[in-house]
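Atoms considered below: every heavy atom in the structure, side chains included; atoms not considered: hydrogens, waters and symmetry mates. Numbers here are sequence positions counted from 1. What you see is a predicted model; the values in this text were computed from it and never measured. Read the numbers this way: they start at 1 and go in the same order the structure lists the ligands and their atoms.
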Amino acid sequence: MDKHTVLVTGGAGYIGSHACLELLNAGYEVVVIDNLANSKTESIQRVQQITGKPLTFYQADIRDQQTLQSIFSQHSIATVMHFAGLKAVGESCQLPLDYYHNNVYGTLVLAAEMAKAGVRQLVFSSSATVYGESSEVQYSEHFPLGAINPYGRSKAMIEDILRDLAAADKINNNPAPWKIVLLRYFNPIGAHESGMIGEDPNGIPNNLMPYVAQVAIGKLPQLSVFGDDYPTRDGTGVRDYIHVVDLVKGHIKALQALTGAGFQQGGCRAYNLGTGQGYSVLEMVDAFQRVTGKTINYKIAPRRAGDLAECFANPELAAKELDWRAEKNLDDMVTDTWRWQSQNPNGYA
Ligand code: NAD
Ligand code: UFG
């Protein structure tokens with residue numbers, strides 16, 4: 001039997017590179033398209049080194065319709081894992097058109113080329129940021145959506161488009177319907193246990209863990225803790241941090257579900273990928289200090305605009321329908337973040 005081939009968009013990036021590694025290890029054939037807007041080919045080299053298996057890499061933009069067409073004609077792609085996108089919330093407020101063009105239009109071009117090629121299995125990287133404000137802090141998939149910035153809205157729009165695609169199959173009685181899984185990530189952190197691939201942010205990191213890691217290694221002088229007056233157990237923001245390896249294992253489970261009996265009629269379903277456990281900023285700093293023995297210099301700073309006090313996943317639907325649960329704990333996340341950071345103080349450079 002032919003191997004199941006997966007097209008990974010954004011496969012050179014942080015989460016995509018970990019997905020490529022997990023797919024190769026699980027015996028899938030991997031084709032990557034990435035325009036390297038926020039990544040380097042070194043990640044792809046290292047994935048091949050770690051697994052001892054080759055993958056096919058195209059340096060191209062998903063908005064380049066001709067390249068996509070040629071990829072679909074040259075490879076017998078069964079499923080697409082779609083990670084490619086811009087992801088910085090602050091930047092999306094400054095450059096909304098870039099975000100909508102890259103994320104929304106990019107997905108339109110991709111989906112149209114998939115349909116032409118008869119490829120209708122898709123796993124999409126969505127985000128917990130699509131959820132609207134809620135009085136409950138543990139988010140379930142049926143909660144109302146209502147993103148509050150252009151990045152989040154680009155994800156919400158893509159979710160709508162993909163739901164519409166699946167709904168159209170029902171009206172048209174499409175015999176080969178779309179099978180789509182939307183994965184709403186909470187806060188991915190950590191790195192592969194080899195320490196060879198990890199998150200390599202451009203410039204000063206926006207996110208907590210890469211920032212803490214760069215303070216620990218001496219590249220940044222001090223962490224600003226954004227707010228200590230939230231209604232949380234220690235006043236600092238609480239999030240659901242999830243190990244990137246657990247996260248990508250959730251993608252493999254989603255892929256298996258798409259090809260299984262539960263999806264025979266097609267459809268589009270959303271799942272949270274989180275641990276279900278929240279940690280505060282100060283708890284994360286404490287864990288980092290305890291596990292690495294490094295002192296993290298920090299100060300309390302004003303709240304950051306747009307931040308929620310507390311947000312974590314209800315992960316039960318993914319457990320029930322995808323047979324997936326996060327397995328790694330906070331110490332694993334910190335240990336692996338630190339191994340990557342200390343072995344690669346300048347990332348892939
Ligand atoms: P990343 O920036 O490391 O990876 C994205 C990759 O996509 C990069 O390699 C980039 O070069 C590539 N890319 C961007 N636009 C492209 C285009 N038009 N054509 C081809 N390649 C393109 O980000 P990541 O953290 O690995 O995130 C992967 C996906 O997960 C993104 O869609 C992101 O929005 C989503 N997500 C990430 C987080 C997070 O905290 N990291 C949380 C929720 C959702
Ligand atoms: N924080 C600090 N100091 C920093 C950075 C962050 O105190 O220098 C705090 C934030 O205020 C927040 C927590 O650490 O309380 C986590 O912040 P991150 O920026 O790491 O993560 P967010 O929860 O804000 O956002 C992340 C991604 C978004 C995604 C969202 C939900 O950056 O893209 O998770 O998936 F949409």
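Of the protein's non-hydrogen atoms, the one nearest atom 26 (C) of ligand 2 is Asn187 ND2, 3.6 Å. Nearest non-hydrogen protein atom to atom 2 (C) of ligand 2 is Phe226 CD1, 3.4 Å.
No part of Asn207 comes within 4.0 Å of ligand 1, judged by heavy-atom distances. The side chain of Tyr151, and not its backbone, has at least one atom closer than 4.0 Å to an atom of ligand 2 (non-hydrogen atoms only; side chain from C-beta on). Contacts between Val238 and ligand 2 below 4.0 angstrom, taking non-hydrogen atoms only, are absent altogether. Heavy atoms of Ala301 found under 4.0 angstrom from ligand 2: none, in either backbone or side chain.
Classified by interplanar angle (parallel below 30°, tilted 30° to 60°, perpendicular above 60°), the ring pair Tyr58/His75 is perpendicular. The aromatic rings of Tyr28 and His4 lie perpendicular to each other, with more than 60° between the two planes, well past the 30° mark. Using cut-offs of 30° and 60° for the angle between ring planes, the Tyr151 and Tyr99 rings count as perpendicular. Using cut-offs of 30° and 60° on the angle between ring planes, the pair Tyr105 and His101 is tilted. Between Phe186 and Tyr131, the ring planes lie tilted relative to each other; the angle falls in the 30° to 60° range.
No close placement of the Phe124 and His251 rings is indicated, their centers lying 6.0 Å or farther apart.
Checked against a 3.5 angstrom limit, the closest N/O atoms of Ala37 and ligand 1 fall inside it. Polar contact check, Ala12 against ligand 1: no nitrogen or oxygen pair lies under 3.5 Å apart. Residue Ile62 has at least one nitrogen or oxygen atom sitting less than 3.5 Å from a nitrogen or oxygen atom of ligand 1, judged on distance alone. Taking distance alone, with nitrogen or oxygen atoms compared against 3.5 Å, Ser39 approaches ligand 1 more closely than that limit. Residue contacts with ligand 1: Tyr14 is placed with a nitrogen or oxygen under 3.5 Å of a nitrogen or oxygen of the ligand (distance criterion only).
Ranked by closest heavy atom to atom 4 (O) of ligand 1, the top entry among Ala84, Gly152, Ala60, Gly13 is Gly13. Here the shortest heavy-atom distance to atom 14 (C) of ligand 1, taken over Ser126, Gly85, Ala128, belongs to Gly85. Considering Ile33, Asn35, Asp98, Leu183 only, the shortest heavy-atom separation from atom 16 (C) of ligand 1 involves Asn35. Nearest to atom 10 (C) of ligand 1 by heavy-atom distance, out of Val32, Leu110, Asp34, is Asp34. When Ser127, Gly227, Gly152, Ala88 are ranked by how near their heavy atoms come to atom 36 (F) of ligand 2, first place goes to Ser127.
The two atoms that bring His243 and Ala191 nearest to each other are CE1-O, 3.2 Å, heavy atoms only.
Using a 4.0 Å heavy-atom cutoff, Ser17 is absent from the residues neighbouring ligand 1. Using 4.0 Å as the threshold, Gly11 has no heavy atom nearer than that to any atom of ligand 1. Taking 4.0 Å as the cut-off, Tyr230 does not count as a neighbour of ligand 2 on heavy-atom distance. By the 4.0 Å heavy-atom criterion, Tyr241 is counted among the residues contacting ligand 2. The closest approach between a heavy atom of Gly106 and any atom of ligand 1 is not below 4.0 Å. Using a 4.0 Å heavy-atom cutoff, Asp61 is listed among the residues neighbouring ligand 1. Residue Lys155 places a heavy atom less than 4.0 Å from ligand 1.
Remark: the Gln65 side chain and the Glu113 side chain contain an N/O donor-acceptor pair separated by less than 3.5 Å. Remark: the Arg184 side chain and the Tyr139 side chain contain no N/O donor-acceptor pair separated by less than 3.5 Å.
Here Glu159 does not pair with Lys155 in a salt bridge; the nearest charged N to carboxylate O distance is not below 4.0 Å. Look at Arg239 and Glu310 and you find no salt bridge, because none of the NZ, NE, NH1 or NH2 atoms lies under 4.0 Å from a carboxylate O. Under the 4.0 Å criterion applied to side-chain N and carboxylate O atoms, Asp169 and Arg120 are not assigned as salt-bridge partners. A salt bridge links Arg303 with Asp229: the closest approach of a Lys/Arg side-chain nitrogen to an acidic carboxylate oxygen falls below 4.0 angstrom.
Residue-ligand proximity, Val225 to ligand 2, at heavy-atom distances under 4.0 Å covers atoms 7 (O).
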